[in-house]
Amino acid sequence: MAMTAEQILAAITPAARDEPDSGIVRAAMYGFTVPGVIPLWAGEGSTPTPEAFARPAAEALLRGETFYTWQRGIPELREALAAYHRRSFGRGFSHENFFVTSGGMQAIQTIVQMVSGAGDEIVIPTPAWPNYAATLRILGQRPVEVPMQFANGRWTLDLDRLFDAVTPRTRAIAINSPSNPVGWTASREELVAIRDFCRRHGLWILADEVYCRFFYGDQGETRAPSFLDICEDEEQLLLANTFSKNWAMTGWRVGWLQAPRALGPAIERIIQVNTSGTPAFLQKGCVAALDHGDEYLAGQVRMARELRDLTVSMLSGLPGVRFEVPKGAFYLFFSIEGMTDPAATVRRLIDEAKVGFAPGDTFGPGGEGSLRMCYLKDRAQLEEALGRFSRWMVTNHRA
Ligand SMILES: Cc1ncc(COP(=O)(O)O)c(C=O)c1O
């Protein structure tokens, strides 16, 4: 018996049916229909993966590495991850603490499925990447959002407010540093305070450090402060990371999860029922990125810093536009005075200025009056996009 669309939708879970679309995805889907738009809505650059990383994957595919593979990831990649972390953090790491996932997204999903159950809570500072709250809601859990403050031109996280949000149902605190979308980067002292609080209360730290290397300190640092600087391997720390951002591999969908050794069998079981493992041939390209990609990554970060500076200089002084110069990641999150409906503004900017941003309210409390743009783009294209936006603002802003 054929059913109406309404009847079919009524038959799925409310969590799956009622979850709002990501505003980033909605902007992109709308923007794809309008010719000539410069897309700055998504968190990725405009160049494809370097051939040096792509070729080993293509060759492995053609060689016939097309079978089911290790649930934790191929040993070669887990060893390369341990070596990359030894280089980046100057201390020992074991391959036993690394698990290959389908993107950073699946690392987060695995963590949430493992530490938190129906009705449980995870505390998340906002504005935050919307997939956190959505993942929790779809799993029947509760995101507890704690807005950061924007005052005196700076985003800050009030740690007392963060800790006050913890209840007996809280299982974890999620910290994304450097953050998407605002670029807030936790200091070592803040990380220590969060670690100590979580230790005292038996909470998990869900550390999302996917932008760890995109850090623009003024002391020549090559990465942001990390929970890996201050935590043991074998404690309640779970890190989500990805190949997507460092090595221009967003479309590959490969990431990793770093976890205590004791969780190996549990993580394997979760991977088994979600994806049954990440394609082995893709993992060969990831080994090449880790083994030969340090220079490429350093170049990407240098370029990102220059593009950030270009963006800041082009948008400074625009009427009604306010932002903090981000210390990390590759986004500019800016408020526009008087803007009440960011999604409508995003659509107008796509139609009228042919430039594509993401609406700030999709990032949760604190993002209402803002837009987000990714500046990791071809320089000439970025300049053109910012020029279009500036002209549109001068014509349309009536603050
Ligand atoms: C904060 C944050 N965490 C995780 C991810 C997931 O990365 P991936 O594309 O590898 O799933 C993203 C991607 O935009 C992100 O911004």
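Both backbone and side-chain heavy atoms feed into the values below; hydrogens, waters and symmetry mates do not. This structure is a prediction, so every number in the text was calculated from the model and none was measured. Counting starts at 1 for both ligands and their atoms, in listed order.
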**Message:** Assess whether a salt bridge exists between R388 and E384, defined as any Lys/Arg side-chain N lying under 4.0 Å from an Asp/Glu carboxylate O.
**Reply:** yes
**Asked** Residues in side-chain contact (heavy atoms from CB on, under 4.5 Å) with P127, at least two apart?
**Response** M148, W155, P181, V182, F333, F363
**Prompt:** Regarding N97 and E234, is there a side-chain donor-to-acceptor distance under 3.5 Å anywhere?
**Reply:** yes
**Message:** Less than 6.0 angstrom separating the ring centers of F243 and F53, yes or no?
**Reply:** no
**Prompt:** Strictly by modelled atom types, are D309 and Y375 linked by a side-chain donor-acceptor pair under 3.5 Å?
**Reply:** no
**Prompt:** When you look for protein heavy atoms under 4.0 Å from ligand 1, which residues do they belong to?
**Reply:** G103, G104, M105, I108, W129, N176, N180, D208, V210, Y211, T242, S244, K245, R253
**Request:** Give a yes or no on whether a salt bridge exists between D233 and R91, defined as a side-chain N under 4.0 angstrom from a carboxylate O.
**Result:** yes
